[in-house]
**Q** 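One structure, as structure tokens, below. Some questions next.
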Amino acid sequence: MGNKRKKYYILTAVFTVVFFLCMAFILIRFTELARDYVPRSLSYRKESIELEEQMYGPEHLFYSLYFQDNYEEAFDSCWDFADAYLAYRMGRIAENKAPYAEKIQTYLESAPGGMREKEAQNYLKELLEDNQKAAE
Amino acid sequence: MKCISCGADFAGDQLQCPYCRAVNEQALKLAKEVQAYDAAYEKKRGELLKNGESQVLKHLVVRLGIVFLVIVILSFACFFVMNYRFSRHSKYQVTGSRLEKNKELIGRYLEEKDYLRAYTLASTTDPTQEHFQYYPEYAADLADIYTYSLVLMGVLQSMDEMDEGDNYTSLTDSGVTCANIFYTSGSSSQVKDDLTREVDALLKNYYRLTDEEIASLKALEPGKQFTLEGSADVERITKERMEAYFGK
């Protein structure tokens, strides 16, 4: 085989190997990027928060919203409930529970119904009972 | 043709006269010339084939190289675009109209007193995270919300532990530090005032600090030890107070 032909065959082989190495590298990086992005995608977080609410109850919404960076408009109703939940938790330790009960009452006026409304009603009932006991 | 030896007629391409076997010089010369021509032709043909093959290989290698290079460059370009759009610490969310929209939302959340949501939006979209370099007008408020959230989460976690009957956490040194950083941040705004009331309420209602103790925490200088009832064991004292108050 002539030297020139040999040189060209070697070059072809080198180009092919380098090409496949580059494509493999890009594929790995793409896969890593996708794997990193999927749990941060809006649809994944929405499904995840709904699942957590079904498994652990609406009271878990507050932590899910804050720790999973769920700030988008899609989570508006979750944030509304989280405000009511926080008012309940703060109301439990406060001496004057009336302002916190008012916040929960405000939430209930436009509550969507279902588990969240029921839970908020329980919060309000508990705070009002505690307020009454404290007054007595 | 006629034989020069015997004069007989025979075909011009024969090398010998068929009658007297005299050599046909003309035909022999022609045959030698044809042989030489054939040899030169074969040699040239061989060289041309070799060169042609080299040329084809050369073109193949160059074009293959160009195709591979274009594909690799396009793939890298796609990857960089996707990385810019989707990577965790990308500047995508803080460029152009997206930055303006985010600022508008943060402003709105702060006005509506949705402080944690404003902080979540800012820290998620800003690649500098807690430094808030892309939201400088809100940086002080967002930093206050962050330290407030640390105090709040400490209280909520402790309340959860208390509800579950676990050994719950009282006011630790890190809780004191967070509260002190919050109080001494130096900022002043409606947000800071609202959050100060919240932190005061947490320290008073949950950790059972008195108004004077909260005031001394606010006035505490950096590096100084916070004490309760003359003791530096703040965790133990607040635990006793919490047990006495909550009965748990």
Side-chain angles (χ1 to χ4, degrees), chain A residues 1-23 25-30 32-34 36-38 40-41 59 62-63 65-73 75-76 78-80 82-83 85-86 89-97 99-100 103, chain B residues 50-51 53-62 64-69 71-76 78-80 82-83 85-88 102 105-106 109 112-114 116-125 149 152-153 155-157 159-160 163 198 201-202 204-208 242 245-246:
Chain A
M1 199 187 279
N3 280 342
K4 263 196 177 176
R5 280 198 303 167
K6 201 173 171 185
K7 185 176 81 178
Y8 289 135
Y9 282 133
I10 290 171
L11 264 178
T12 307
V14 165
F15 281 174
T16 309
V17 167
V18 167
F19 172 73
F20 279 106
L21 281 176
C22 289
M23 296 311 288
F25 172 76
I26 290 169
L27 183 67
I28 289 168
R29 292 301 301 271
F30 257 120
E32 278 174 3
L33 182 67
D36 183 52
Y37 177 72
V38 161
R40 291 186 289 115
S41 66
E59 62 269 16
F62 177 78
Y63 299 106
L65 287 170
Y66 185 68
F67 290 112
Q68 292 170 20
D69 303 331
N70 294 321
Y71 63 88
E72 290 92 341
E73 282 174 23
F75 300 99
D76 279 349
C78 299
W79 279 102
D80 291 339
D83 289 340
Y85 171 77
L86 191 60
R89 296 300 294 272
M90 296 298 101
R92 275 180 56 188
I93 56 172
E95 283 178 11
N96 180 15
K97 300 174 195 296
Y100 301 103
K103 278 188 187 171
Chain B
K50 257 196 202 171
N51 282 345
E53 206 174 320
S54 294
Q55 289 289 322
V56 166
L57 275 175
K58 180 178 158 189
H59 285 297
L60 178 70
V61 167
V62 166
L64 195 68
I66 290 170
V67 166
F68 282 173
L69 191 65
I71 292 173
V72 166
I73 287 172
L74 282 176
S75 302
F76 268 110
C78 277
F79 171 74
F80 283 125
M82 301 297 261
N83 196 45
R85 169 65 184 87
F86 294 113
S87 83
R88 189 177 290 268
N102 286 342
L105 275 175
I106 291 172
Y109 291 149
E112 292 171 0
K113 301 187 190 296
D114 229 338
L116 290 176
R117 192 172 188 183
Y119 171 79
T120 306
L121 191 164
S123 65
T124 308
T125 55
S149 73
L152 174 66
M153 292 303 163
V155 167
L156 290 176
Q157 190 183 345
M159 284 175 77
D160 288 338
D163 287 343
E198 295 290 328
L202 288 171
K204 190 172 174 184
N205 296 333
Y206 192 66
Y207 293 122
R208 313 310 303 167
M242 287 161 76
Y245 184 77
F246 294 112

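We name chains A, B, ... by the order of the sequence lines, and we start the count at 1 in each one.
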**Q** Determine, for D163(B) against R92(A), whether the closest basic-nitrogen to carboxylate-oxygen distance falls under 4.0 angstrom.
**A**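 Salt bridge between D163(B) and R92(A), a charged N being under 4.0 Å from a carboxylate O: yes.
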**Q** Pick from M23(A), R29(A), K7(A): which one has the most heavy-atom pairs with chain B under 4.5 Å?
**A** R29(A)
**Q** With rounding to the nearest 0.5 Å, note down the distance linking OH in Y207(B) to CD1 in I93(A).
**A** 9.0 Å
**Q** Give a yes or no on this: more than 12 heavy atoms of other residues, nucleotides or ligands lie within 6.0 Å of atom NZ of K113(B).
**A**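 More than 12 heavy atoms, drawn from other residues, nucleotides or ligands, come within 6.0 Å of this atom.
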**Q** To check you understand the geometry: which heavy-atom pair defines the closest contact between C22(A) and V72(B), and what is its length?
**A**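 Heavy atoms only, the tightest pair is CB-CG2, 3.9 Å.
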**Q** Say you draw a straight line from OH of Y37(A) to CZ of R85(B); how long is it, rounded to the nearest 0.5 Å?
**A** 5.5 Å
**Q** Using a cut-off of under 4.5 Å for heavy-atom pairs, which of L64(B), N83(B), L105(B) has the most such pairs with chain A?
**A**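 Most heavy-atom pairs under 4.5 Å with chain A: N83(B).
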**Q** Report the option among R40(A), E95(A), M90(A) that has the most heavy-atom pairs separated by less than 4.5 Å from atoms of chain B.
**A**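 When all of R40(A), E95(A), M90(A) are compared, R40(A) has the most.
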**Q** Hey, does D36(A) have a side-chain heavy atom less than 4.5 Å from the side chain of F86(B)?
**A**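 Not in contact.
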**Q** Side chain, backbone, both or neither: which part of L86(A) has an atom under 4.5 Å from a heavy atom of chain B?
**A**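 Only the side chain of L86(A) comes within 4.5 Å of chain B.
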**Q** For each of N70(A), L65(A), T16(A), V18(A), tally heavy-atom pairs with chain B at distances under 4.5 Å, and name the one with the top tally.
**A**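 Highest number of pairs under 4.5 Å: T16(A).
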**Q** So, do W79(A) and L116(B) sit near enough that their side-chain heavy atoms are less than 4.5 Å apart?
**A**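 Heavy-atom side-chain distance check passes, below 4.5 Å.
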**Q** What part of D69(A) is in contact with chain B, defined as an atom under 4.5 angstrom from a non-hydrogen atom: side chain, backbone, both or neither?
**A** both
**Q** Does either side chain, that of Y66(A) or that of S149(B), offer a donor lying less than 3.5 Å from an acceptor on the other one?
**A** yes
**Q** For the candidates D83(A), I26(A), T12(A), which exhibits the highest count of non-hydrogen atom pairs separated by less than 4.5 Å from chain B?
**A**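 Top option by heavy-atom pairs under 4.5 Å: I26(A).
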**Q** Does any backbone or side-chain atom of N96(A) lie under 4.5 Å from a heavy atom of chain B? Answer side chain, backbone, both or neither.
**A** neither
**Q** If you draw a 6.0 Å radius around CE in M82(B), do more than 12 non-hydrogen atoms from other residues or ligands fall strictly inside?
**A**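 Counting neighbours around CE of M82(B), 12 or fewer heavy atoms of other residues, nucleotides or ligands fall under 6.0 Å, so no.
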**Q** Please determine whether a side-chain nitrogen of the Lys or Arg among R117(B) and D80(A) lies less than 4.0 Å from a carboxylate oxygen of the Asp or Glu.
**A** no
**Q** Quick one, I71(B) and F19(A) - any side-chain contact, counting heavy atoms below 4.5 Å?
**A** yes
**Q** Do R89(A) and D160(B) have side-chain heavy atoms sitting under 4.5 Å apart?
**A**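 Yes, at least one pair of side-chain atoms sits under 4.5 Å.
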**Q** Looking only at the aromatic ring of each residue, does the gap between the centers of F15(A) and F68(B) stay below 6.0 angstrom?
**A**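 Aromatic pair excluded; centres sit 6.0 Å or further apart.
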**Q** Rounded to the nearest 0.5 Å, what's the gap from CG on D114(B) to OH on Y71(A)? Could you check?
**A**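 The distance works out to 14.5 Å.
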**Q** Quick check: are there more than 12 heavy atoms from other residues, nucleotides or ligands sitting under 6.0 Å from CZ of F20(A)?
**A** no
**Q** Give, as side chain, backbone, both or neither, the part of S41(A) having an atom under 4.5 angstrom from any heavy atom of chain B.
**A** neither
**Q** Report the distance from atom OH of Y8(A) to atom NE2 of H59(B), rounding to the nearest 0.5 Å.
**A** 9.0 Å
**Q** Using a 4.5 angstrom heavy-atom cutoff, name the option from L152(B), L69(B), V155(B) with the most pairs to chain A.
**A** L152(B)
